[in-house]
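Before any comments, here is the structure.
Chain naming here is simple, since letters A, B, ... match the order of the sequence lines and numbering starts at 1 in each. Just so you know, these numbers use all the heavy atoms, side chains as well, and skip hydrogens, waters and symmetry mates.
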There are 2 protein chains.
Amino acid sequence: MSVFQVALKKVVDDSYEIETGFHLEDKLMEDLKKGLAGNIKKYAVITDSTVQKLYAEKICNLLQETGYQANLFVFPAGEKSKTRETKEFIEDSMLEQGYRRDCCIIAVGGGVVTDLAGFVAGTFGRGVPFINYATTLLAAADASVGGKTAVDTPLATNLIGLFNQPQKVYIDIAAWKTLPERQLKSGMAETIKHACMADHSFFYYLKDNMEKIMKIDQASCEYIAEMNCKIKYQVVEKDEKESGLREILNLGHTVGRAIETVSDYQLLHGEALSIGMTAQVKLAVKLGFMTEKEAEEVISLLQMADLPTAIPEYIDREELVKKLYTDKKVRDGKLRFVLQKGIGNIVEFEEGVYATPIAEEMAREIILGLP
Amino acid sequence: MSVFQVALKKVVDDSYEIETGFHLEDKLMEDLKKGLAGNIKKYAVITDSTVQKLYAEKICNLLQETGYQANLFVFPAGEKSKTRETKEFIEDSMLEQGYRRDCCIIAVGGGVVTDLAGFVAGTFGRGVPFINYATTLLAAADASVGGKTAVDTPLATNLIGLFNQPQKVYIDIAAWKTLPERQLKSGMAETIKHACMADHSFFYYLKDNMEKIMKIDQASCEYIAEMNCKIKYQVVEKDEKESGLREILNLGHTVGRAIETVSDYQLLHGEALSIGMTAQVKLAVKLGFMTEKEAEEVISLLQMADLPTAIPEYIDREELVKKLYTDKKVRDGKLRFVLQKGIGNIVEFEEGVYATPIAEEMAREIILGLP
């Protein structure tokens with residue numbers, strides 16, 4: 001019997017920049033010419049059927065004009081495309097077009113595109129570099145920091161994937177103007193969640209500037225894009241040492257994700273999250289972590305962004321409770337919730353524990369009691 | 001316009017142990033009880049239809065007896081199972097059985113099992129720990145060091161996957177006794193490749209002890225298992241700094257892989273590699289890097305292991321040449337070969353360059369000239 005030691009300790013630097021601005025296509029080309037992706041000459045632009053005409057074709061053309069090889073890989077827009085089948089389709093298309101290990105992927109689009117393209121990049125040729133060109137508020141709030149990539153399967157959301165950091169993230173606020181109003185509002189839900197969770201004064205900034213933001217005012221949009229990155233980054237960075245903190249990003253998501261599924265994706269992610277946030281503040285009031293007035297302020301901010309705070313008629317509330325409590329995450333009949341503490345804070349139940357088990361009866365009471 | 005810096009520089013320690021011995025199932029249980037996989041209580045044992053009865057069921061039972069939850073996930077034996085479809089099947093089966101992020105995967109089998117299970121582990125729940133229990137000589141020689149995991153697609157071999165290091169590797173030499181003789185011989189090809197590439201005296205050790213090895217003599221088998229790890233580890237470790245060195249592991253594989261494909265996997269990987277090694281030494285002689293006598297010694301060692309050194313009748317040699325030179329790796333009509341220098345060394349063509357372009361006419365001459 002013998003033991004052989006494989007020593008693989010090393011310093012890894014996955015640092016990257018997030019650049020926020022209006023129309024960043026030319027900046028992307030400049031960065032590439034300056035070596036953002038090393039010596040790579042082949043680019044795979046991955047996008048969905050909505051963003052294709054709006055942004056991705058332009059970026060693909062610019063790449064070709066700059067002298068690179070570039071091809072467009074397009075899948076149907078929507079959360080339902082975030083599957084292993086779509087990943088396979090993109091991989092096969094890339095292989096057919098002669099892409100091998102010496103390429104770079106550019107994801108152009110919202111959260112579904114960046115999640116999926118980041119995952120493709122992580123396993124294509126055992127990992128090729130990728131760049132995120134985020135065109136939605138949701139992608140700016142959610143997908144630009146943290147390195148989470150994934151697909152859904154019939155049995156689980158976001159459970160097949162990997163952590164993969166991009167070379168750089170571009171947040172093009174001009175693209176928000178091309179968003180259907182409903183998508184823009186949906187994106188605000190994650191921004192409001194960030195404020196509720198971590199920044200009291202940012203919450204009131206949103207309250208004071210909601211109208212300007214909804215009109216894509218340059219200064220306020222740049223500010224919220226930056227604040228989203230900053231808040232999420234602080235959590236993710238601390239979580240490297242203090243595992244568990246990252247869980248606070250799930251604020252409002254316990255009920256939110258269940259509603260999203262039960263609605264069969266008729267509700268957008270942010271809309272479902274908004275209802276989940278409403279349930280969460282009601283629960284926080286019940287458990288004494290928020291005042292009625294604070295809860296009302298959160299609900300009113302969600303309503304200012306024209307987000308739903310009531311459960312749609314077509315959703316069976318009992319089915320929703322059942323969905324929550326048959327989830328695999330439920331232990332001993334109790335589901336764990338992250339809860340808001342006042343405005344701009346999170347309840348820490350014990351040292352390093354940011355979620356508390358809630359029994360089915362209490363969750364049912366809250367859900368049945370929602371408007 | 002604003003730029004936000006995400007700093008993600010950190011020290012990563014992926015070090016692990018490779019333990020070689022006879023019957024290591026109990027040692028695995030001991031290690032788990034001592035915390036090899038942390039606090040994990042759920043184990044997914046992934047194996048193929050051949051190894052299932054021989055080893056995997058036993059390990060699964062031992063896990064249950066030790067008080068862990070354990071389930072067996074079995075796919076049909078053979079290289080043809082190394083696909084995205086099999087990966088998906090395992091993922092869905094694991095999800096159905098309630099596996100989520102808090103599990104550990106144990107791969108029990110040869111190279112196909114460890115490649116596939118390591119890839120599943122890398123993306124299940126965005127990465128769960130895994131342990132390799134290698135039951136073949138080939139897995140010991142090839143899959144235990146380097147962290148390469150992957151699947152094949154219709155258009156490319158090993159191109160979808162990731163680098164993923166196990167928690168520990170067990171090389172159970174007792175399992176080699178259960179191998180069909182043809183599999184054992186096939187595994188010797190990678191061992192001989194390692195000797196040819198990096199260790200003159202190991203080459204002669206193999207020559208002097210081939211008969212004992214083939215009878216699974218304990219001391220000599222432990223020695224070759226250890227030497228395989230050592231040689232491969234040195235290459236992989238140096239490659240961390242000196243990118244490109246790793247390419248020398250492709251010795252004999254350029255022709256080998258093409259023959260494997262053209263034979264439609266009638267030839268085992270090691271058998272195809274053995275023919276590839278024969279082609280490679282002939283080429284090295286032609287280019288003046290080896291003497292005729294040295295080449296004969298290599299061919300005779302392959303034959304001592306009862307490995308093929310001639311191209312089977314059923315393979316169309318012109319098709320083989322065509323297959324080689326229509327591969328995407330071919331640039332300007334030339335394919336790059338790694339070549340042996342004497343016995344126990346590799347040709348370094350320029351500083352850090354270990355492969356040289358060979359024109360189609362020369363490769364054809366060598367291939368048509370093989371027995």
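- Atom CD of A:Gln5 sits about 12.0 Å away from atom SG of B:Cys229, to the nearest 0.5 Å.
- Considering only heavy atoms from C-beta on, B:Thr123 comes within 4.5 Å of A:Phe119 through its side chain.
- Interatomic distance, CG of A:Leu95 versus CG of B:Leu159, reported as 6.0 Å (0.5 Å rounding).
- Looking at B:Ser2, both its backbone and its side chain come within 4.5 Å of chain A, counting heavy atoms on both sides.
- Within a 6.0 Å sphere centred on NZ of A:Lys230, heavy atoms belonging to other residues, nucleotides or ligands number 12 at most.
- Scanning all heavy atoms of the two residues, the minimum distance from B:Leu155 to A:Arg100 falls at O-NH2, 3.8 Å.
- Across B:Val11 and A:Val11, no two heavy atoms sit closer than the pair CG2-CG2, 4.1 Å.
- Within the 4.5 angstrom heavy-atom criterion, only side-chain atoms of A:Leu24, from C-beta onward, approach chain B.
- If you measure heavy-atom distances from B:Tyr16 to chain A, the contacts under 4.5 Å come from both the backbone and the side chain.
- For the atom pair CD (A:Glu91) and OG1 (B:Thr153), the distance works out to 8.0 Å, reported to the nearest 0.5 Å.
- Within the 4.5 angstrom heavy-atom criterion, no atom of B:Gln234 approaches chain A.
- Taking every heavy atom of both residues into account, B:Arg126 and A:Thr149 meet most closely at NE-O, 3.0 Å.
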Derivation and outcome, side chain to side chain contact (heavy atoms under 4.5 Å, CB included), residues B:Lys87 and A:Arg84 | CA-CA 10 Å; B:Lys87 178 171 183 274; A:Arg84 292 172 293 196; 5.9 Å; no

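- When each of B:Asp14, B:Val120, B:Ile18 is checked for heavy-atom pairs under 4.5 Å with chain A, B:Ile18 comes out on top.
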Output, in order, the C-alpha distance, side-chain angles, deciding distance and verdict of side chain to side chain contact (heavy atoms under 4.5 Å, CB included) for B:Glu237 and A:Val6.
-> CA-CA 9 Å; B:Glu237 193 195 17; A:Val6 178; over 6 Å; no

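- Between chain A and the residues B:Glu17, B:Gln165, B:Glu88, the most heavy-atom pairs under 4.5 angstrom are made by B:Glu88.
- With a threshold of 4.5 angstrom between heavy atoms, B:Asn164 does not approach chain A through any atom at all.
- Taking every heavy atom of both residues into account, A:Asn158 and B:Arg101 meet most closely at O-NH2, 3.5 Å.
- Atom-to-atom distance recorded for A:Phe163:CZ and B:Leu8:CG is 11.5 Å, nearest 0.5 angstrom.
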